[in-house]
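We number each residue from 1, following the sequence as shown.
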Amino acid sequence: MTARRTLSQADLDVYAQLSGDHNPIHVDPAFAAHTRFGATVAHGMLLFSLVRAQLEQHYPGAAMHSQHLTFPAPAYTQQSLEISLVIQGAAAADELAIRTRITRPDGQRCLEGDCVLHLAPSPQ
């Protein structure tokens with residue numbers, strides 16, 4: 001399962017307002033231009049929220065049992081990011097193990113993770 005999303009500087013700014021994380025690497029293009037990244041980069045938890053939205057779309061009502069994340073490369077604004085969910089198998093009768101990834105157009109992964117969802121019971 002894959003989806004695409006392009007983040008804007010406005011998205012990073014709104015996330016900073018909501019989260020209180022105003023680190024200039026995320027919200028100050030002039031500052032970020034002089035860092036090793038060369039531009040502002042997305043907050044890691046903003047990237048995770050893109051994954052979480054996809055999980056909710058495909059598994060409505062499922063509860064996150066566990067999540068392991070790494071952020072091996074930065075995600076920049078104005079890039080078409082690919083969000084992918086790959087089912088790894090059943091962790092238990094009512095749980096599903098899923099590999100989560102966000103990949104930049106150049107193939108670099110911005111987010112890698114594994115989660116276990118506790119699936120919601122089927123409506124009767």
Side-chain angles (χ1 to χ4, degrees):
M1 294 169 267
T2 62
R4 291 205 174 272
R5 176 73 189 267
T6 300
L7 296 172
S8 68
Q9 185 61 52
D11 293 324
L12 275 59
D13 295 343
V14 167
Y15 185 82
Q17 287 296 319
L18 291 171
S19 69
D21 181 352
H22 297 281
N23 185 324
I25 195 65
H26 305 304
V27 298
D28 186 342
F31 171 87
H34 298 289
T35 68
R36 67 183 176 107
F37 300 114
T40 55
V41 297
H43 303 74
M45 289 300 104
L46 174 56
L47 296 177
F48 175 64
S49 72
L50 300 178
V51 168
R52 192 66 185 103
Q54 288 303 304
L55 290 168
E56 181 61 27
Q57 179 181 341
H58 294 287
Y59 303 100
M64 181 74 64
H65 177 73
S66 65
Q67 174 69 58
H68 171 77
L69 295 172
T70 61
F71 303 96
Y76 298 100
T77 60
Q78 305 312 313
Q79 290 185 324
S80 178
L81 301 172
E82 180 180 87
I83 304 141
S84 66
L85 308 177
V86 178
I87 297 171
Q88 300 297 296
D94 59 350
E95 293 182 340
L96 191 60
I98 300 174
R99 168 124 333 123
T100 59
R101 292 192 173 130
I102 296 182
T103 308
R104 298 187 321 205
D106 65 3
Q108 289 285 316
R109 292 196 180 124
C110 308
L111 175 149
E112 291 184 308
D114 294 290
C115 70
V116 176
L117 294 182
H118 180 78
L119 302 176
S122 301
Q124 305 282 348

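- Hydrophobic clustering keeps Val116 apart from Leu69 (ILVMFWY residues linked when any side-chain heavy atoms are closer than 4.5 Å, directly or through intermediates).
- Closest approach of Gln78 and Ser8 over heavy atoms only: NE2-CA, 3.3 Å.
- Put simply, OG on Ser84 and CZ on Arg99 are 9.5 Å apart, with the number rounded to the nearest 0.5 Å.
- Contact record, Gln57 with Pro60: O-CD, 3.9 Å, taken as the closest heavy-atom pair.
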Apply the test side-chain contact (heavy atoms from CB on, under 4.5 Å) to residues His58 and Leu85: give CA-CA distance (whole Å), side-chain angles for both, the deciding distance (0.1 Å), then the verdict. CA-CA 10 Å; His58 294 287; Leu85 308 177; 3.9 Å; yes

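- Distance check, rounded to the nearest 0.5 Å: CG of Leu117 to CD of Gln67 gives 8.5 Å.
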Could you walk me through whether Leu7 and Leu12 pass the side-chain contact (heavy atoms from CB on, under 4.5 Å) check? CA-CA 7 Å; Leu7 296 172; Leu12 275 59; 4.2 Å; yes

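- Membership of the apolar cluster around Val41 extends to Ile25, Phe37, Tyr76, as traced through chained side-chain contacts below 4.5 Å between ILVMFWY residues.
- Listed by chain and number, the residues in a side-chain contact (heavy atoms from CB on, under 4.5 Å) with Pro29 are Gln9, Thr40 (sequence neighbours excluded).
- Val51 and Val86 are not part of a single hydrophobic cluster, where members link through side-chain heavy atoms under 4.5 Å apart.
- In this structure, Arg101 contributes its side chain and Cys110 its backbone to no donor-acceptor pair below 3.5 Å.
- Note: the hydrophobic cluster containing Ile87 also contains Leu55 (ILVMFWY, side chain heavy atoms under 4.5 Å, direct or indirect links).
- Closest non-hydrogen pair, Arg52 versus Ala62, comes out as NH2-O, 3.2 Å.
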Applying side-chain contact (heavy atoms from CB on, under 4.5 Å), run through Leu47 and Leu81 and close with a yes or a no. CA-CA 10 Å; Leu47 296 177; Leu81 301 172; 4.1 Å; yes

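- Tracing side-chain contacts under 4.5 Å through hydrophobic residues (I, L, V, M, F, W, Y), one never reaches Tyr15 starting from Phe31; they form parts of separate clusters.
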Do Met64 and Cys115 pass the side-chain contact (heavy atoms from CB on, under 4.5 Å) test, and can you show the C-alpha distance, the side-chain angles, and the key distance before you say yes or no? CA-CA 7 Å; Met64 181 74 64; Cys115 70; 3.6 Å; yes

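- Annotation: side chain of Arg109 is not in contact with side chain of Arg104 (no heavy-atom distance under 4.5 Å).
- Nearest heavy atom pair, residue Ala32 against residue Pro24, reads CB-O, 4.3 Å.
- No donor-acceptor pair closer than 3.5 Å links the side chain of Thr70 to the backbone N or O of Pro72.
- Minimum heavy-atom separation, Gly44 to Phe71: O-CE2, 3.3 Å.
- No continuous path of ILVMFWY side-chain contacts below 4.5 Å connects Val14 to Met45, so the two sit in separate hydrophobic clusters.
- Residues passing the ring pair (Phe, Tyr, Trp, His ring centres under 6.0 Å) test with His26, sequence neighbours excluded: His43.
- Here the CG-OG1 distance, from Asp28 to Thr35, works out to 10.0 Å after rounding to the nearest 0.5 Å.
- Using a distance-only test at 3.5 Å, with no hydrogens or angles considered, no donor-acceptor pair links the side chain of Glu112 to the main chain of Thr100.
- Note: Gln79 CD to Arg5 CZ = 14.0 Å, rounded to the nearest 0.5 Å.
- Side-chain atoms of Glu95 do not come within 3.5 Å of backbone N or O of Leu119 as any donor-acceptor pair.
- Considering only heavy atoms from C-beta on, Asp94 comes within 4.5 Å of His118 through its side chain.
- Across Gly89 and Leu96, no two heavy atoms sit closer than the pair O-CD1, 3.5 Å.
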